[in-house]
Amino acid sequence: MKTQAVSDAVARLYDTYPFPPEPFLDQAPPGYNWRWYWPTVHSFCTGALPKGGAVRVLDAGCGTGVSTEYISHLNPEAEVLGIDLSAKAIATATERCRRSGATNVGFRQLSIYDVDQVEGEFQWINCVGVIHHMPDPLKGLQALATKLAPGGFIHLFVYADIGRREISLIQRAIALVQGSQRGDYRDGVQVGRQIFATLPEGNRLKQRERDRWALENHRDECFADMYVHPQEIDYTLDSLFDLVDASGLEFVGFSNPQVWQLDRLLGADPALLERAQQLSQLDQYRLVELLDPEITHFEWFLARPPYPRVSWENDSDLLAAIPTRNPCMSGWPSQNIFDHNYQITALDQTEFEVLKACNGQRPTLEGERDQDSAADQPMATVADLLTQCGVSLEKVRQLHQRQLILLQGPQ
Ligand SMILES: C[S@@+](CC[C@H](N)C(=O)[O-])C[C@H]1O[C@@H](n2cnc3c(N)ncnc32)[C@H](O)[C@@H]1O
């Protein structure tokens, strides 16, 4: 199929089954996702908090606007634009944001290939679950790259080949049965559901669907997105880095770095782990890909240089830094919290005291208010924390590494 025909087929899928099929909330969405909050995105990519929140954000392939709505509420100073191929998705996203009172957001029905029609540049682009549905993902990524301001970041998410083997087999089976009816997405969903209902118990594809995906796939929109898509390119680590290299942007890091730590797979044998850690960073990633076939996607940040990188290795820089508790956590104030990755985390007494003594800047996250907010008081520095809490600089570095605190350099 030619590029335009593929894009038309993709738009038809999402006009039939707009994605994601989340209900309207009629209020600012609850909770957080640190990948949708500019200070944590900036901090992850550079090591330090940004100077301000008045950035332009593009949600490219925004679908029904769930992420766009979050981004606009979590970043009230930002100016947010959502674009998508599908008219139905854009209409849904517009209505979603109107009903929840997001005023710093706009939408356009526009292909990423045509993003040059949008004026100006963006400091931050969110593009999740989209370019792998484009006939030429590199061309799409390069189009986005032209819109990224120097020092800006783009967050991407694409499917991983190995973890989606079973999905790919079912996709091909549905297409085969559909024959000339391929492109009739409702028929595709029906055929797919019939196949799963009919396959014998113990069949690996049936089992995989039941164990891993059925919870979300009871909605036809999700089932269609997974199994009857007219266009999908799955990536291996090598093809991913070919894409990154050709994009002209710089790889910052995976946005789920814990997945790419070898010690979670080889930690039980320190000698083997140490040997594997002698490999280049790319080969360590390759090893994780090979040893963990559960990885179903890649998510990562790219940057347009130049951008600052603060390591906080220098003691005097760290002592002068202003620490803020990462607001992307749940259950605070308590020694048992859900951290930014929604992992339950136990804080020891010192860590708890440090987080309490941190400054109270925070986004207006729905459902919580920082009782201990010190917003009206002069900003405490890391040096102040050392005096107040008896914490070591090493511990402060660890808290920063674990993204429990965020650091701002002297202005
Ligand atoms: C799986 S959905 C992801 C939606 C949203 N980003 C999310 O994560 O919830 C993919 C979206 O990408 C859009 N899309 C696909 N190709 C596109 C293109 N060339 N330009 C703009 N949007 C595109 C589709 O219409 C669809 O809404």
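Whatever order the structure lists them in is the order used to number ligands and atoms, beginning at 1. Quick note: numbers below take in every heavy atom, side chains included, and nothing from hydrogens, waters or symmetry partners.
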Electrostatic pair Arg304-Glu121, nearest N-O below 4.0 angstrom: no
4.0 Å heavy-atom contact, Thr64 with ligand 1: no
Ile83 heavy atom under 4.0 Å from ligand 1: no
Test item: side-chain donor near acceptor, Trp34 and Asn341, under 3.5 Å: yes
Arg96-Thr64 side chain donor-acceptor pair, cut-off 3.5 Å: yes
Check ligand 1 against [X] and write out every atom of the ligand that is under 4.0 Å from a heavy-atom position of the residue.
{"X": "Val10", "result": "15 (C)"}
{"X": "Cys62", "result": "5 (C)"}
{"X": "Gly63", "result": "4 (C), 27 (O)"}
{"X": "Pro20", "result": "9 (O)"}

Tell me: protein heavy atom nearest [atom], and distance?
{"atom": "atom 19 (N) of ligand 1", "answer": "Ser111 OG, 3.3 Å"}
{"atom": "atom 14 (N) of ligand 1", "answer": "Val130 CG1, 3.7 Å"}
{"atom": "atom 3 (C) of ligand 1", "answer": "Val128 O, 3.7 Å"}
{"atom": "atom 2 (S) of ligand 1", "answer": "Phe19 CD2, 3.7 Å"}
{"atom": "atom 27 (O) of ligand 1", "answer": "Asp84 OD2, 2.7 Å"}

Check: Ile112 N/O within less than 3.5 Å of ligand 1 N/O: yes
Any N/O pair Leu85/ligand 1 closer than 3.5 Å: yes
Geometric cation-pi criterion, Arg56 with Phe122: 6.0 Å, 45°: yes
Distance under 6.0 Å and angle within 45° of ring axis: Arg99 vs Phe24: no
Tyr14 and His229: CA distance, side-chain angles, deciding distance, side chain to side chain donor-acceptor pair (under 3.5 Å) verdict: CA-CA 10 Å; Tyr14 289 110; His229 214 290; 2.8 Å; yes
Centroid separation under 6.0 Å, is that true for the rings of [Y] and [X]?
{"X": "His42", "Y": "Tyr307", "value": "no"}
{"X": "Phe44", "Y": "Phe301", "value": "yes"}
{"X": "Phe298", "Y": "Tyr285", "value": "no"}

Closest candidate by heavy atom, reference atom 5 (C) of ligand 1, pool Gly61, Gly129, Ala11: Gly61
